[in-house]
Amino acid sequence: RIAALACETLDLEVSEEILTVTISRPEVLNALSPVVIAELRRVFGPLRSELGRADETGRPDWSIRGVILTGAGEKSFVAGADISVMRGMSPAEADAYTAEAQELTSWLETLPVPVVAAVNGFALGGGCEIAMSCDYIFAAETASFGQPEVGLGLIPGFGGCVRLQQLVGVAAARELIFTGRRIDAAEALRLGLVLRVLPDQAALLTAVRESLRLVARQSAVAVAAAKRTVRAAQALPTDQGLELERSAFTACFGTEDMAEGTAAFVEKRRPAFTGR
Ligand code: CO8
C-alpha cells in the first residue's frame, strides 16, 4: 500500500520486506523542499502507527522489516534544505517548516523497524541531519558530509546541533558546525558519523540491504523493543537507563517470540518468529 502512494519527489519501492525511500529531485541535488518534507511525512506517519499493530485476529503487521533512505543519482544524497524556497520564508513560516521536519526525524527514530541511511553523495545541512536521525549510516566512498548553515547566516535546524554531538562528540560537532567544512566518507567514518564505507553506490545499496535482511531474520517484536530502549536510554542517566532496560527485557518474557527463539536454540533449529 505504501509503495502505491503517488509522490512527486519520492520513489518508493518495497522488496523482500524492505522499503526503499529515494528522495528524488536530482535537478537540485535532492534538496528538501516543503513538498519533500510533506511527502516523507505522508509515508512515515502512517507507517509509524501501523507497523507492529495487531489486526482483529491479533496478528501484528510486520510487512516491512526495515527502511532504506537514499537519494536519487550518484552525485547527491540530499544537499540540504531547499535554499531558494527557504530564503523567502518569514520567521513564522520557517518555524512551521522546521517543526514539521523535526517531527519527521523523531518519527524515523521511533519507527518500530530500523531505518538505514544509504548516503551516496552530498549529505549537507538538512541532508546530513536527516541521515543522522536514521538508526545508522552507510556511505559510498564518494559521499561527503557537512553542516554548512553558518555560511548562509543560519544554524542547523533539523536536529544537527543535537544529534551531531551525540555521534561525534561535542568538540568535533562544534568544529564542523562553526567552520561549515565538508568532510569525506573516510573522515566521517573516523569520527563515528558513518558506520561503514563501501566502494560505490551499488555496493552501498547491497550492503544496506544485507544488513536489513539480517534484521528481518530476527524477532520483529524484540528488534522494536531494542530500538525503543536504545533511543530512550540516550536521554537518561545510567541508573534510569538500566531500570528501563530491565523492564523492557522482562517484558520480552511475555512474548511468543521469546518462547520460540529460546526453544529453537535448545532444539538446534531456526526459529519461526511471528513478531508477537
Ligand atoms: N537548495 C536549492 N538548490 C540547490 C541546493 C539547495 N540546498 N543545493 C544545490 N542546489 C542546486 C543548485 O542551485 C544548482 O541549480 P542550478 O543548476 O539551477 O544552478 C543545482 O542544484 C546543482 O548544484 P551546483 O551547480 O551547485 O553543483 P556543484 O557540484 O557545483 O556543487 C554543492 C554542489 C557543493 C552541494 C552545492 O550545490 C552547494 O553548496 N549546495 C548547497 C549546500 C547547502 O548549503 N546546504 C545547506 C542548506 S541549509 C539547510 O539544510 C538547513 C536545514 C535546517 C532546516 C531544515 C528543514 C527541512
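Both backbone and side-chain heavy atoms feed into the values below; hydrogens, waters and symmetry mates do not. What you are looking at is a predicted structure, and each value in this text was computed from that prediction instead of being measured. In each ligand, atom 1 is the first atom listed, and ligand 1 is the first ligand listed.
- In this structure, atom 28 (P) of ligand 1 has a protein heavy-atom contact shorter than 4.0 Å.
- Within a 4.0 Å radius of atom 53 (C) of ligand 1, the protein contributes one or more non-hydrogen atoms.
- Ring geometry for F249 versus F253: interplanar angle over 60°, hence perpendicular rather than tilted (30 to 60°).
- Protein heavy atom at the shortest distance from atom 11 (C) of ligand 1 is V28 CA, 3.8 Å.
- Of the protein's non-hydrogen atoms, L29 CD1, 5.0 Å is the one closest to atom 26 (O) of ligand 1.
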Which is it for F145 and V194 under the side-chain contact (heavy atoms from CB on, under 4.5 Å) test, yes or no, and what are the steps along the way?
CA-CA 10 Å; F145 296 80; V194 161; 3.4 Å; yes

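- Where the criterion is an N or O separation shorter than 3.5 Å, residue side chain and backbone included, L32 fails it with respect to ligand 1.
- Looking at E17 and R213, no side-chain N of the basic residue comes within less than 4.0 Å of a carboxylate O on the acidic one, giving no salt bridge.
- Atoms of ligand 1 found under 4.0 Å from any heavy atom of L124 (numbered from 1 in listed order, with element): 35 (C), 42 (C).
- Judged by distance alone, the side chain of K227 and the main-chain N or O of L111 form a donor-acceptor pair under 3.5 Å.
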After noting the C-alpha distance and the side-chain angles of I23 and L40, does the key distance pass the side-chain contact (heavy atoms from CB on, under 4.5 Å) rule?
CA-CA 9 Å; I23 299 173; L40 287 169; 4.2 Å; yes

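- The side-chain contact (heavy atoms from CB on, under 4.5 Å) test with T22 is passed by exactly one of L12, N120, D11, L10: D11.
- For R181 and E175, the salt-bridge test passes: some basic side-chain N is under 4.0 Å from an acidic carboxylate O.
- Within 4.0 Å of atom 24 (P) of ligand 1, not a single protein heavy atom is present.
- Within a 6.0 Å sphere centred on CZ of R231, heavy atoms belonging to other residues, nucleotides or ligands number more than 12.
- Taking any N or O of G126, backbone or side chain, at least one lies under 3.5 Å from an N or O belonging to ligand 1.
- Neither the backbone nor the side chain of T98 comes within 4.0 Å of ligand 1, counting heavy atoms alone.
- When the shell of 6.0 Å around CZ of R270 is examined, it contains 12 or fewer heavy atoms from other residues, nucleotides or ligands.
- There is a protein heavy atom less than 4.0 angstrom from atom 44 (O) of ligand 1.
- At least one heavy atom of E27 sits closer than 4.0 Å to an atom of ligand 1.
- Contact between M86 and ligand 1 is present, with at least one heavy atom of the residue lying under 4.0 Å from the ligand.
- At least one heavy atom of K75 sits closer than 4.0 Å to an atom of ligand 1.
- With a heavy-atom cut-off of 4.0 Å, A79 touches ligand 1 through backbone and side chain alike.
- Of all atoms in ligand 1, numbered sequentially from 1 with element shown, those under 4.0 Å from a heavy atom of A101 are 56 (C), 57 (C).
- Under a 4.0 Å criterion applied to the non-hydrogen atoms of F158, ligand 1 contributes the atoms 53 (C), 55 (C), 57 (C).
- Checked options L108, V162, V168, L167; the residue passing with M132 is L167 (criterion: side-chain contact (heavy atoms from CB on, under 4.5 Å)).
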side-chain contact (heavy atoms from CB on, under 4.5 Å) between L189 and L195: does it pass, once the steps are laid out?
CA-CA 6 Å; L189 181 71; L195 192 59; 5.8 Å; no

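- In this structure, atom 51 (C) of ligand 1 lies nearest to the protein heavy atom E149 OE2, 3.5 Å.
- When each atom of ligand 1 is checked for a heavy atom of L152 under 4.0 Å away, the hits are 44 (O), 47 (C), 48 (S).
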Please determine whether side chain to side chain donor-acceptor pair (under 3.5 Å) holds for the pair R163 and T105, giving the CA-CA distance in whole Å, both sets of side-chain angles, and the decisive distance to 0.1 Å.
CA-CA 11 Å; R163 294 190 179 99; T105 62; 3.2 Å; yes

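- Distances below 4.0 Å separate heavy atoms of E129 from the following atoms of ligand 1: 52 (C), 53 (C).
- The closest protein non-hydrogen atom to atom 34 (C) of ligand 1 is R182 NH1, 3.3 Å.
- Checking atom 37 (O) of ligand 1 against the protein gives a heavy-atom contact under 4.0 Å.
- At least one N or O atom of I83 sits closer than 3.5 Å to an N or O atom of ligand 1.
- By the definition of a contact as any protein heavy atom under 4.0 Å away, atom 31 (O) of ligand 1 is not in contact.
- Using a 4.0 Å cut-off between heavy atoms, R25 makes no contact with ligand 1 at all.
- Per-atom contact check: atom 18 (O) of ligand 1 does not touch the protein, criterion being a heavy-atom distance below 4.0 Å.
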Under the criterion side-chain contact (heavy atoms from CB on, under 4.5 Å), I'd like the reasoning laid out for L32 against F158: C-alpha separation, chi angles, the key distance, then a yes or no.
CA-CA 11 Å; L32 301 171; F158 198 7; 3.3 Å; yes

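- At most 12 heavy atoms of other shown residues, nucleotides or ligands fall within 6.0 angstrom of atom CD in E245.
- Between E109 and R48 there is no salt bridge, since no side-chain N of the basic residue sits under 4.0 Å from a carboxylate O of the acidic one.
- Listed by number with element, the atoms of ligand 1 under 4.0 Å from a non-hydrogen atom of P148 are 43 (C), 44 (O), 45 (N), 46 (C).
- Close approach of ligand 1 to G157 is summarised as follows: ligand atoms under 4.0 Å from at least one heavy atom of the residue are 53 (C).
- In this structure, atom 8 (N) of ligand 1 has protein heavy atoms in its sub-4.0 angstrom surroundings.
- Salt bridge annotation for D257-R276: absent, with no cationic side-chain nitrogen under 4.0 angstrom from a carboxylate oxygen.
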